[in-house]
Peer 1: 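Here's a structure for you.
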Amino acid sequence: MCSAQEDGLIIGPDDLILITGATGFIGLRVVENLLDRGFRKLRCFARPSSDAARLEAVAKRHHQAQVDVLTGNLLSPEDCNAAAKDAAVIFHLAAGTGQKSFPDAFMNSVVTTRNLLEAALRQQCLRRFVSVSSFAVYSNTQKPKRRLLDESWGEAYCFAKVKQDEIVSEYGKRFGTPYVIVRPGYVYGPGKPAITSRVGIDTFGIFLHLGGSNKIPFTYVDNCAEAIALAGLKKGVDREVLNVVDDDLPSSRQFLRLYKRNVRRFRSLYVPHFLSYLLCYLWEKYSGWSEGQLEPVFNRKRWHAHWKKTGYSNDKLKARLGWMPRVSMAEGFKRYFESCRDGKRNA
């Protein structure tokens with residue numbers, strides 16, 4: 001039986017919430033955010049190989065709440081049934097990572113999502129399914145240079161996330177499944193030291209700076225978790241697609257300068273946009289000519305998605321959810337750079 005609800009929220013503090021991918025970089029912060037809000041019944045789903053130590057530490061700090069950790073595989077309908085049992089809200093953050101083949105990507109993003117949706121349908125108590133997607137679904141190929149990327153742009157290049165979004169939307173249309181799709185930009189923060197490839201790459205032994213004056217769609221991990229939590233709790237946002245980026249986004253050049261100043265110095269070479277596009281074009285063509293002997297890791301779709309000049313908007317997120325980034329860009333970078341320095345000292 002569901003408890004009384006706060007004004008503006010679809011569930012109360014004693015309704016059961018399921019979080020998949022709960023031990024992950026973002027998932028752990030979503031769990032913490034929900035506990036801080038006073039929700040007392042959380043089921044955290046994780047792979048058997050996941051390290052649950054940090055999740056258990058978070059649960060101990062909220063000893064008044066019931067935080068159950070359930071291990072399993074979302075490819076198993078039985079495991080999905082156990083996970084979704086009595087869940088009023090599902091935050092689906094689990095994703096197949098490192099999947100290189102189309103079949104693997106399909107299995108670990110689309111089939112798992114379908115299994116979870118089917119399990120939720122059988123329970124008949126779901127009030128919101130939050131599917132955490134990615135900016136990867138925006139190919140950016142048909143947009144004029146410097147145009148604003150917002151939720152209306154939907155051409156996709158990332159197979160797995162596109163298909164995941166499609167199946168969530170399909171269940172909404174066919175079965176009335178209440179859903180929200182959340183698409184974070186580049187999520188950064190302590191514990192994720194790598195420089196995003198939107199800034200550049202070091203594949204060739206020297207850091208190639210490809211972003212230049214492009215804005216980087218950063219969102220600090222706690223701000224992103226806040227947006228995801230609100231997407232699952234707020235009334236009146238079913239079937240919305242929401243992009244998550246912070247305010248005051250820096251250019252790639254500004255970020256790289258700050259990183260070198262605050263973390264470590266290294267050599268970098270700026271590659272103008274027309275040269276980076278040419279590199280991707282030639283790499284793509286040679287990959288085709290060699291019949292895949294050279295994998296097409298650099299291609300024109302990736303260039304359009306990562307290195308084409310683009311603006312980003314969080315206006316819809318603010319308007320529909322009342323979200324504001326609690327951690328400023330300056331404070332977020334301070335915490336991030338400090339963690340990077342600590343990691344270097346401990347390496």
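Every heavy atom of this structure was used, including side-chain atoms; hydrogens, water molecules and symmetry mates were not.
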Peer 1: Looking at every non-hydrogen atom in both residues, tell me the closest pair between Ala84 and Ala120 and how far apart they are.
Peer 2: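 Shortest heavy-atom contact: CB-N, 4.1 Å.
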Peer 1: Could you state the interatomic distance from CZ (Phe333) to CD (Glu338), rounded to the nearest 0.5 Å?
Peer 2: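 Answer rounded to 0.5 Å: 15.0 Å.
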Peer 1: Does any part of the side chain of Val187, heavy atoms only, come nearer than 4.5 Å to the side chain of Phe25, both counted from C-beta?
Peer 2: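 Sidechains of Val187 and Phe25: in contact.
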Peer 1: Within the supplied structure, the quantity of interest is the number of heavy atoms (other residues, nucleotides, ligands) at a distance under 6.0 Å from Phe175 CZ; does it exceed 12?
Peer 2: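 Yes, enclosed.
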Peer 1: Please answer: with hydrophobic residues joined when any side-chain heavy atoms are less than 4.5 Å apart, are Tyr270 and Ile216 in the same cluster?
Peer 2: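 No, Tyr270 does not connect to Ile216 through the hydrophobic network.
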Peer 1: Please tell me whether Asn314 and Asn243 have a donor and an acceptor in their side chains that are separated by less than 3.5 angstrom.
Peer 2: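 There is no such pair between these side chains.
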Peer 1: For the CH2 atom of Trp289 and the CG atom of Leu282, what is their distance to the nearest 0.5 Å?
Peer 2: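 Interatomic distance, Trp289 CH2 to Leu282 CG, rounded to 0.5 Å: 13.5 Å.
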Peer 1: Do you see a donor-acceptor pair shorter than 3.5 Å between the side chains of His92 and Thr20?
Peer 2: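 Yes, because at least one side-chain N or O of His92 sits under 3.5 Å from a partner of the opposite role on Thr20.
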Peer 1: Could you walk me through whether Asn81 and Arg122 pass the side-chain hydrogen bond (donor to acceptor under 3.5 Å, both in side chains) test, one step at a time?
Peer 2: CA-CA 8 Å; Asn81 287 337; Arg122 284 190 285 272; 2.7 Å; yes
Peer 1: Which atom pair, heavy atoms only, marks the closest approach of Cys125 to Ala87?
Peer 2: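 Of all heavy-atom pairs spanning Cys125 and Ala87, the closest is SG-O, 3.5 Å.
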Peer 1: Quick check: closest heavy atoms across Ile228 and Phe91, and the distance to 0.1 Å?
Peer 2: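 Minimum heavy-atom separation between Ile228 and Phe91: O-CE2, 3.1 Å.
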Peer 1: In terms of side-chain geometry, is the basic nitrogen of Glu284 or Lys301 positioned less than 4.0 Å from the acidic oxygen of its partner?
Peer 2: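 Looking at Glu284 and Lys301, the cut-off is not met.
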Peer 1: Should Arg335 and Glu331 count as an ion pair when the cut-off is N to O under 4.0 Å?
Peer 2: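 Glu331 and Arg335: salt-bridged.
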Peer 1: I need the minimum non-hydrogen distance between Leu126 and Pro178, along with the two atoms involved.
Peer 2: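 Nearest heavy atoms, Leu126 then Pro178: O-CG, 3.8 Å.
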Peer 1: With a 3.5 Å distance limit and no angle check, can you tell me whether Asp79 reaches the backbone of Ser76 through a side-chain donor-acceptor pair?
Peer 2: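 Here the side-chain-to-backbone pair does not exist.
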Peer 1: Any ion pair linking Asp222 and Arg29 (charged N to carboxylate O, less than 4.0 Å)?
Peer 2: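 Here Arg29 pairs with Asp222 in a salt bridge, since their nearest N and O are under 4.0 Å apart.
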Peer 1: Excluding sequence neighbours, so at least two apart, what forms side chain to side chain donor-acceptor pair (under 3.5 Å) with Arg253?
Peer 2: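 Once residues adjacent in sequence are excluded, Arg253 has no partner under the side chain to side chain donor-acceptor pair (under 3.5 Å) criterion.
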Peer 1: Enumerate the residue pairs fulfilling salt bridge (Lys or Arg N to Asp or Glu O under 4.0 Å) with a member in residues 224-233, sequence neighbours excluded, ordered by first and then second residue.
Peer 2: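 Applying salt bridge (Lys or Arg N to Asp or Glu O under 4.0 Å) to every pair that reaches into residues 224-233, excluding sequence neighbours, yields Arg37-Glu226, Glu226-Arg326.
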Peer 1: Would you say Ser287's side chain and Trp283's backbone share a donor-acceptor pair under 3.5 angstrom?
Peer 2: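 Pair absent, no side-chain N/O of Ser287 close to backbone of Trp283.
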Peer 1: State, yes or no, whether a side-chain contact exists between Leu275 and Leu279 at a heavy-atom distance under 4.5 Å.
Peer 2: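 Of all side-chain heavy-atom pairs linking Leu279 with Leu275, none is under 4.5 Å.
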Peer 1: Hey, quick one: are Leu16 and Leu233 part of the same hydrophobic cluster, counting side-chain heavy atoms closer than 4.5 Å, chains of contacts allowed?
Peer 2: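 Per the 4.5 Å side-chain linkage, Leu16 and Leu233 are not co-clustered.
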Peer 1: Just so I know, are the side chains of Glu166 and Ser169 near enough to count as touching, which here means a heavy-atom distance under 4.5 Å?
Peer 2: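 Counting from C-beta outward, Glu166 and Ser169 never come under 4.5 Å.
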Peer 1: With a 6.0 Å cut-off on the ring centroids, do Tyr220 and Tyr188 count as close?
Peer 2: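 Centroid separation for Tyr220 and Tyr188: below 6.0 Å.
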Peer 1: Tell me, do Arg40 and Gln66 make a side-chain contact under 4.5 Å, heavy atoms counted?
Peer 2: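 The answer is no; the side chains never approach within 4.5 Å.
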Peer 1: Determine whether Tyr186 and Val245 fall in the same hydrophobic cluster, where Ile, Leu, Val, Met, Phe, Trp and Tyr are linked whenever their side-chain heavy atoms lie under 4.5 Å apart.
Peer 2: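 Yes, Tyr186 connects to Val245 through the hydrophobic network.
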Peer 1: Nearest 0.5 angstrom please: Asp238 CG to Arg128 CZ, how far?
Peer 2: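 Taking CG in Asp238 and CZ in Arg128, the distance rounds to 4.0 Å.
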Peer 1: Kindly determine whether Ile90 and Val130 satisfy side chain to side chain contact (heavy atoms under 4.5 Å, CB included), including the steps that lead there.
Peer 2: CA-CA 6 Å; Ile90 296 176; Val130 180; over 6 Å; no
Peer 1: Evaluate side chain to side chain contact (heavy atoms under 4.5 Å, CB included) for Leu18 paired with Leu116, printing each intermediate quantity in order.
Peer 2: CA-CA 11 Å; Leu18 167 67; Leu116 196 56; 4.1 Å; yes
Peer 1: Does atom NZ of Lys85 have more than 12 heavy-atom neighbours from other groups under 6.0 Å away?
Peer 2: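 No, not enclosed.
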Peer 1: Mind listing the closest non-hydrogen atom pair of Gly191 and Ser339 along with its distance?
Peer 2: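 Taking Gly191 first and Ser339 second, the nearest heavy atoms are N-OG, 4.2 Å.
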Peer 1: Got Leu28 and Thr23 here, is their nearest side-chain heavy-atom distance under 4.5 Å?
Peer 2: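 No, every pair of side-chain atoms sits at 4.5 Å or beyond.
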Peer 1: Tell me every residue that passes side chain to side chain contact (heavy atoms under 4.5 Å, CB included) with Phe266, counting only those two or more places apart in sequence or in another chain.
Peer 2: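 Scan of Phe266 (side chain to side chain contact (heavy atoms under 4.5 Å, CB included), adjacent residues dropped) gives Ile195, Phe207, Leu256, Tyr259, Lys260, Arg264, Ser268.
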Peer 1: Could you tell me how the ring of Phe255 sits relative to the ring of Phe218: parallel (under 30°), tilted (30 to 60°) or perpendicular (over 60°)?
Peer 2: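 Rings of Phe255 and Phe218: tilted, 30 to 60°.
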Peer 1: Does a side chain donor of either Gln164 or Ser133 reach within less than 3.5 Å of an acceptor in the other side chain?
Peer 2: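 No.
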Peer 1: Report the residues that fulfil side chain to side chain donor-acceptor pair (under 3.5 Å) with Ser276, sequence neighbours left out, ordered by chain and then residue number.
Peer 2: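 Trp303.
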Peer 1: Determine whether Leu258 and Phe337 satisfy the following criterion, side chain to side chain contact (heavy atoms under 4.5 Å, CB included), listing intermediate values before the conclusion.
Peer 2: CA-CA 9 Å; Leu258 287 169; Phe337 292 145; 3.9 Å; yes
Peer 1: Distance check, rounded to the nearest 0.5 Å: Glu240 atom CD versus Lys234 atom NZ?
Peer 2: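 Spacing of CD (Glu240) from NZ (Lys234) equals 13.5 Å.
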Peer 1: Only distances under 3.5 Å count here; give the side-chain donor-acceptor pairs of residues 51-61 to other protein atoms, sequence neighbours excluded, each with its distance to 0.1 Å.
Peer 2:
residue: Asp51; atom: OD1; partner: Ala53; partner atom: N; Å: 3.1
residue: Arg61; atom: NH2; partner: Glu32; partner atom: OE2; Å: 2.7

Peer 1: Should Asp68 and Arg43 count as an ion pair when the cut-off is N to O under 4.0 Å?
Peer 2: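 Looking at Arg43 together with Asp68, the answer is no, because their closest N to O distance does not fall below 4.0 Å.
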Peer 1: Report the C-alpha distance between Met324 and Lys318 in whole Å, list the side-chain angles of each, state the deciding distance to 0.1 Å, and finish with yes or no for side chain to side chain contact (heavy atoms under 4.5 Å, CB included).
Peer 2: CA-CA 6 Å; Met324 292 293 291; Lys318 291 177 175 179; 3.8 Å; yes
Peer 1: Just verifying a value: how many Å separate Tyr312 OH and Lys215 NZ, rounded to the nearest 0.5 Å?
Peer 2: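 Here the rounded value is 11.0 Å.
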Peer 1: Do Ser252 and His209 touch side chain to side chain, with heavy atoms closer than 4.5 Å?
Peer 2: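 Ser252 vs His209: side chains touch.
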Peer 1: What distance do Asn299 atom CG and His304 atom NE2 have between them, rounded to the nearest 0.5 Å?
Peer 2: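 NE2 of His304 is found 10.0 Å from CG of Asn299.
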Peer 1: Could you check whether any side-chain N or O of Thr113 sits under 3.5 Å from a backbone N or O of Ser109, counting only pairs where one atom can act as donor and the other as acceptor?
Peer 2: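 At least one qualifying donor-acceptor pair exists.
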Peer 1: Just so I know, are the side chains of Ser197 and His306 near enough to count as touching, which here means a heavy-atom distance under 4.5 Å?
Peer 2: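 Yes - at least one pair of side-chain heavy atoms lies under 4.5 Å apart.
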Peer 1: Using the rule side chain to side chain contact (heavy atoms under 4.5 Å, CB included), only one of Asp165, Leu242, Val132, Val244 pairs with Arg183; which is it?
Peer 2: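 It is Asp165; the other options fail the test.
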Peer 1: Looking at every heavy atom in both Ala231 and Leu321, which two are closest together, and how far apart are they?
Peer 2: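 Closest heavy-atom pair between Ala231 and Leu321: N-CD1, 3.8 Å.
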Peer 1: Residues two or more places apart in sequence or in another chain: which of them pass side chain to side chain donor-acceptor pair (under 3.5 Å) with Asp246?
Peer 2: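 Partners of Asp246 by the side chain to side chain donor-acceptor pair (under 3.5 Å) criterion, ordered by chain and then number, come out as Thr219, Asn223.
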Peer 1: If we only count heavy atoms from C-beta on, is the Asp14 to Phe39 side-chain gap below 4.5 Å?
Peer 2: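 Result no, sub-4.5 Å side-chain heavy-atom pair not found.
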